[in-house]
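Heads up: the structure comes next, in structure tokens.
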Amino acid sequence: MYEPIRTKSVHSMAGPRPDVPHRSREEELDSQLAGYLTALLTVTDELGLDEAADHVLREIVRLRGAAPVRAAADDTSSHRPDLHRRAAAAAARALVVAESRGDTAASRLLTERLDAHRAAMSEARLATSH
């Protein structure tokens, strides 16, 4: 009634498979952090915040070893609350990863950026309420 399995399971956990790439936890966190920083850089560039963008860019280069391709800044969007909201969200996600990997330099930078974008959103709310 029961027929034994004759082939090896594809779900076997016995040893690494050479046909599947593996990354360490640290490599995965580095990749995630660099991705979130790149998203933050994109929005920071859109806001035209050159000095802040330079700081974010340095962190990306430290993690990846190369700078990402950047878009031209849009001078008309420097006070758009939706961009500050996107930047704050990207900074918050990156901060979680930076904290989990124990990267104090990135954590410090991301905390500063998060505070700056939250302040800009608060200013925008106050300006529209008056």
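Interatomic distance, CD of E59 versus CZ of R113, reported as 13.0 Å (0.5 Å rounding).
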Take E112 and H55 through the test side chain to side chain contact (heavy atoms under 4.5 Å, CB included) and record every step on the way to the result.
CA-CA 11 Å; E112 291 171 6; H55 292 297; over 6 Å; no

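Closest heavy-atom contact between A53 and D45: CB-OD1, 3.4 Å. Taking both residues in full, the closest heavy atoms of R64 and A34 are given as NE-CB, 3.4 Å, listed atom of the first, atom of the second, then distance.
Residue pairs meeting the salt bridge (charged side-chain N to carboxylate O under 4.0 Å, His left out) criterion with at least one member in residues 90-107, sequence neighbours excluded, are D30-R101, R62-D103, R101-D103.
Within a 6.0 Å sphere centred on CD of E51, other residues, nucleotides and ligands contribute 12 heavy atoms or fewer.
Applying the 4.5 Å side-chain rule to ILVMFWY residues, one finds L33, Y36, L37, L40, L41, V56, L57, I60, V61, L63, L95, V97, L109, L110, L114 in the same cluster as L29.
Put simply, the side chain of H117 does not reach to within 4.5 Å of the side chain of V43, judged on heavy atoms.
Partners of D82 under the side chain to side chain contact (heavy atoms under 4.5 Å, CB included) rule, at least two apart in sequence or in another chain, are R80, R85.
Checked by atom type and distance alone, the side chain of T111 pairs as donor or acceptor with a backbone atom of S107 at under 3.5 Å.
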